[in-house]
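A quick write-up on the structure given underneath.
Every chain is numbered from 1, with letters handed out A, B, ... down the list of sequences.
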Amino acid sequence: MPELPEVETIARGVHERVRGDRIAEAWFSSFPQPFKTPPGQQAAGLEGRVVLGVHREGKHIVVELGNVGGVPSHPFDSAQGRLRHKNKDVARVGHPDGGLGEFDSQPEAQWIVHLGMTGRLLVTAPDVPIAAHTHARLTLASGRELRFVDPRRFGRLEFRDLRRGVGFSATGAEPLTIGAEAFAALFRSRKLYIKAALLNQTLLTGVGNIYADESLFRAGIRPRRRAGRLTRAELERLRTSLRGVLQHAIRLGGSSVSDYVDADGVRGFFQLEHHVYQRTGLPCLRCATPIRRILVAGRGTHYCPKCQR
DNA sequence: ATATGGCCCTGGTTGC
DNA sequence: TGCAACCAGGGCCATA
């Protein structure tokens with residue numbers, strides 16, 4: 001289940017691999033489920049456009065696209081495509097910044113990918129077999145393909161023409177950068193459980209079930225505390241715990257239980273050392289009390305009854 | 001306005 | 001052993 005750290009890792013990986021490449025052809029499956037924009041409209045908007053960059057907003061991957069007729073700032077050498085594809089250092093040769101630097105031209109459109117529960121965004125060689133539940137295939141000028149695979153179809157694909165509308169922006173605050181004052185204000189006088197509040201994407205964006213449970217454990221707060229009843233000190237512990245666990249997971253390259261696959265299609269199974277998540281009945285790593293599992297906001301919720309008050 | 005619960009989906013796990 | 005029922009949950013929508 002991709003949350004902020006997994007999506008960040010995937011966005012960075014895709015950025016490094018496809019920046020400067022051109023979308024030659026776009027194919028979409030006939031399932032209606034994953035498409036916020038009709039597939040035909042997405043294909044028409046994507047074909048011919050240049051990928052200026054890829055970044056994360058909340059749990060969304062935003063692909064910034066340049067104009068149809070333009071020349072890519074860093075044209076991809078198709079003969080070297082595979083070599084670059086397999087070696088990150090080589091891939092950086094054409095991109096001195098090597099990261100999420102400024103665009104070289106103004107984005108005209110965006111392709112927005114939400115991975116849902118089981119979505120994967122892969123950069124592959126064209127001869128890699130098509131996985132089951134592949135819903136999108138973008139053939140790139142370099143010869144490689146950008147594929148979207150999603151068995152459960154909880155993911156979403158959207159195309160935005162920036163000349164006709166506004167760009168994508170996440171609904172909630174970024175947990176990595178939000179300050180103490182703004183964080184406390186999010187929960188003030190709210191009656192819902194703090195666990196439910198952390199999952200609410202209109203308050204904070206990017207936090208899912210794993211990091212909600214883990215940050216509450218690290219902050220020593222029970223998931224069924226009412227959000228508005230937390231003290232200022234508890235909120236500050238929660239903010240720093242959340243930021244810390246997210247940053248840690250990003251450093252590890254994202255963590256997940258079963259569905260995370262990195263942009264290369266290589267299983268990036270960097271399972272974070274979860275303290276409570278899916279450790280029901282196992283001893284708490286801090287005090288050895290068995291971890292308890294309850295249901296909050298329809299989600300499995302794990303906590304230590306002794307460490308969390 | 002705020003909060004809750006049902007629904008969409010398939011694959012892996014559980015239980016008989 | 002085999003098969004069916006069950007469970008997982010992010011986001012959206014209807015409802016209270």
Within this structure, what is the OG1-CG distance for the pair A:Thr139 and A:Leu146, rounded to the nearest 0.5 Å? 10.0 Å
Taking the six-membered ring where the residue is Trp, are the ring centres of A:His60 and A:Phe168 under 6.0 Å apart? yes
Under 4.0 Å, counting only non-hydrogen atoms across every strand here, what does A:Gly155 touch: a base, just sugar-phosphate, or nothing? nothing
Do NZ/NE/NH1/NH2 and the carboxylate oxygens of A:Arg160 and A:Glu158 come within less than 4.0 Å? yes
Once base and sugar-phosphate atoms are separated, protein heavy atoms under 4.0 Å mark nucleotides 10-16 of chain C, 5' to 3', with B, S and - as BBS----
Heavy atoms only, 4.0 Å cut-off, all strands: where does A:Arg293 land among base, sugar-phosphate and nothing? sugar-phosphate
Against A:Ser29, only a single residue in A:Arg153, A:His135, A:Arg137 fulfils side chain to side chain donor-acceptor pair (under 3.5 Å); can you say which? A:His135
Any side-chain N or O of A:Arg153 below 4.0 angstrom from OP1/OP2 of B:dT10? yes
About how many Å separate CD1 of A:Ile194 and CG of A:Leu235, when rounded to the nearest 0.5 Å? 6.5 Å
List, by chain and number, the other hydrophobic cluster members for A:Ile294, where Ile, Leu, Val, Met, Phe, Trp and Tyr join if side-chain heavy atoms come within less than 4.5 Å, directly or indirectly. A:Tyr193, A:Val296, A:Tyr303
Hey, is the side chain of A:Arg190 poking within less than 4.0 Å of OP1 or OP2 on B:dA3, counting only N and O atoms? yes
Do the side-chain N or O atoms of A:His133 get closer than 4.0 angstrom to the phosphate oxygens (OP1, OP2) of B:dC9? no
